[in-house]
Each structure stands twice: as structure tokens, then as C-alpha cells.
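Below: the structure, in C-alpha cells.
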2 protein chains.
Amino acid sequence: MAVRELLTKIGDKWTILVILSLDLLGGRARFSELERAVPGISQRMLSSTLKNLDRDGLVIRELFPEVPPRVEYEITALGKSLLRPTQGLVDWAKANWEQVREAQSKHDAR
Amino acid sequence: MAVRELLTKIGDKWTILVILSLDLLGGRARFSELERAVPGISQRMLSSTLKNLDRDGLVIRELFPEVPPRVEYEITALGKSLLRPTQGLVDWAKANWEQVREAQSKHDAR
DNA sequence: CGGTATCCTTTGCGATACTG
DNA sequence: CAGTATCGCAAAGGATACCG
């Protein structure tokens, strides 16, 4: 089921943060810029996350054969389109997370 | 960060499927109904998922002290509100997953 | 009926070191 | 600079058995 697979991607620790960051950086950025834009991410995870995003057609990887090498990642139209429903989730979290916290507190109080 | 926590919840294997199923069942259902409504879920995971949803205030657990015991779960207003942005994601998947698959195929062909 | 307990395998991912 | 390779641990979750 496609929904299941999408949720898995969305749910992993870095995918959404990376696309959102790439968008914030103007839709195009180098590996090292992303590394700085996503605090706490390791090279290993940034690399693997970008690889998956590339494979899924959500970003494009462009290698410039220079020395030192330069690689730029650009968000695709498909990737951009995913940002809309994603933003809906972000907005929901901002609007309602406090309520969730309260529910947890009350629950845990018992 | 709230968004990070929400994405973790959304991303785990069963949470979203359980809320969506509960909604489809009319917003209220028994444990065994949910078990049947979410194919492949184990008792263990349904139980733990519902426990978390209850703790977060997204569903309410109601125990009827009968023999045999009956337990009903009802989606709360907060839970319902989460369905909106979630549905946005589901819609995106339906509209665009084919494109993702194609991107994967082309990528893998190389 | 609606769970819990236990066990065990798989997956995620951080840390560190190394490289074209 | 932009990765890859290797290691190792912790958490997720499936299978099965049992219980109030």
C-alpha cells in the first residue's frame, strides 16, 4: 500500500527535516550546507537520506566534476508538492501539541 | 521540537492506520473490531498503539465491566482534527505515488 | 474478550575512521 | 568536499503463550 510506504518515509528521523531544510535554503543546496542546516544529522544519515530522496524523484543530485568536488541537491516539482501536505502536519503540531502534552500529563498523573 | 515528535508518532508502523480505521468505523469501535479492520496488526501492537493514542488524548478508552469484558475506543475531537492533515498526506500518496515508483524504476535501471 | 509477558530477530542509526 | 565502511548498541516489532 502506497500510504504505508509514504508514512514510513515521512516517519524516519531525517527525511522530512532534510526536504524542509532544502526548501528553506531556496530549493537548492550543497551537501555541506544541508549538513549545517539540519543540526544533529550525521554524514552517514544525510547521505543515505539524500540518496533515497534522489531515488524517489523528490530531489535531484548534481555532481560538478571539480576539485574539490561539489555536489548540489535541488528539490523537484514532485518534492515541492509533498511539502504542502507536510506543512499541514507541521501546522497541526504547532496548533495542537500543547493539548497533547496536557493530555499526557493528566494521564500520567494517575 | 513538537514536529519531530509528531512525525515519530505518525511514522510508526500502526498509529495512523489505527486512527484512520477507527474513523472509518464511525469513530467508535471495540478492540476486536479494530483488530479486524487493520489487517496484519498483532494484538501486542494494537494494544500498545491504542495505549499511546489514549495517553495523547487522541482516543478515549472506555471499559465496560461486563463478562466477557467489553472495551470501546472512541476518537476525540483532537484526534479528528489530526485526520485532516493526515488525509492530505493520503491524498498526496494516491495522486503521486505512481510518479515515485517511476522515478525509482528509472533510477534502479542504471 | 481484551489484553500481558516473554523471547527473539530485524532495523535504525550514532560514532568513528577512512577515501577519491 | 562529499562521501563510504565498519562496528555496535538500542529500539521496534513479530510470534507465541498465557491470563483475569
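Note that the structure is predicted; figures quoted are calculated from it, not measured. Proteins come first, then strands; the chains are lettered A, B, ... in the order of their sequence lines, and each starts at number 1.
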Could you please name the option among [options] that lies closest to any side-chain atom of [X]?
| X | options | answer |
| --- | --- | --- |
| A:Lys51 | C:dG3, D:dG3, D:dT4 | D:dT4 |
| A:Pro68 | C:dC1, D:dC1, C:dG3 | D:dC1 |
| A:Arg61 | D:dC1, C:dG14, D:dG3 | D:dG3 |
| B:Arg44 | C:dC13, D:dG14, D:dA2 | D:dG14 |
| A:Phe31 | D:dA2, C:dG2, D:dC7 | D:dA2 |
| A:Arg30 | D:dA2, C:dC1, D:dG13 | D:dA2 |

Check whether any side-chain nitrogen or oxygen of [X] sits under 4.0 Å from OP1 or OP2 of [N], and answer yes or no.
| X | N | value |
| --- | --- | --- |
| A:Ser42 | C:dC13 | no |
| A:Ser32 | D:dC1 | no |
| B:Ser47 | C:dT4 | yes |

[X] [atom1] to [N] [atom2], straight-line distance once rounded to whole Å:
| X | N | atom1 | atom2 | value |
| --- | --- | --- | --- | --- |
| A:Ile41 | C:dG14 | CD1 | P | 8 Å |
| A:Glu62 | D:dA2 | CD | C1' | 15 Å |
| A:Glu35 | D:dG3 | CD | P | 10 Å |
| B:Gln43 | C:dC1 | CD | P | 10 Å |
| A:Leu7 | D:dA12 | CG | P | 17 Å |
| B:Leu63 | C:dG3 | CG | P | 8 Å |
| A:Asp12 | D:dG13 | CG | P | 13 Å |
| A:Glu66 | D:dC1 | CD | P | 13 Å |

Are a donor atom and an acceptor atom from the side chains of [X] and [Y] found within less than 3.5 Å of each other?
| X | Y | result |
| --- | --- | --- |
| A:Asp91 | A:Gln87 | yes |
| B:Thr15 | B:Asp12 | yes |
| A:Thr8 | A:Arg4 | yes |

>> Between A:Pro69 and A:Gly40, which residue's closest nucleotide on DNA chain C lies nearer the 5′ terminus?
In response: A:Gly40
> Within the structure shown, what part of the strands sits under 4.0 Å from A:Tyr73 by heavy-atom distance: base, sugar-phosphate, or nothing?
Replying inline: sugar-phosphate
> How far apart are the C-alpha atoms of A:Ser105 and A:Asp108, what are their side-chain angles, what is the distance that settles it, and do they pass the side chain to side chain donor-acceptor pair (under 3.5 Å) test?
Replying inline: CA-CA 5 Å; A:Ser105 301; A:Asp108 295 352; over 6 Å; no
>> Can you tell whether the side chains of A:Glu72 and A:Arg28 come within less than 4.0 Å, N to carboxylate O?
In response: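 Salt bridge present between A:Glu72 and A:Arg28.
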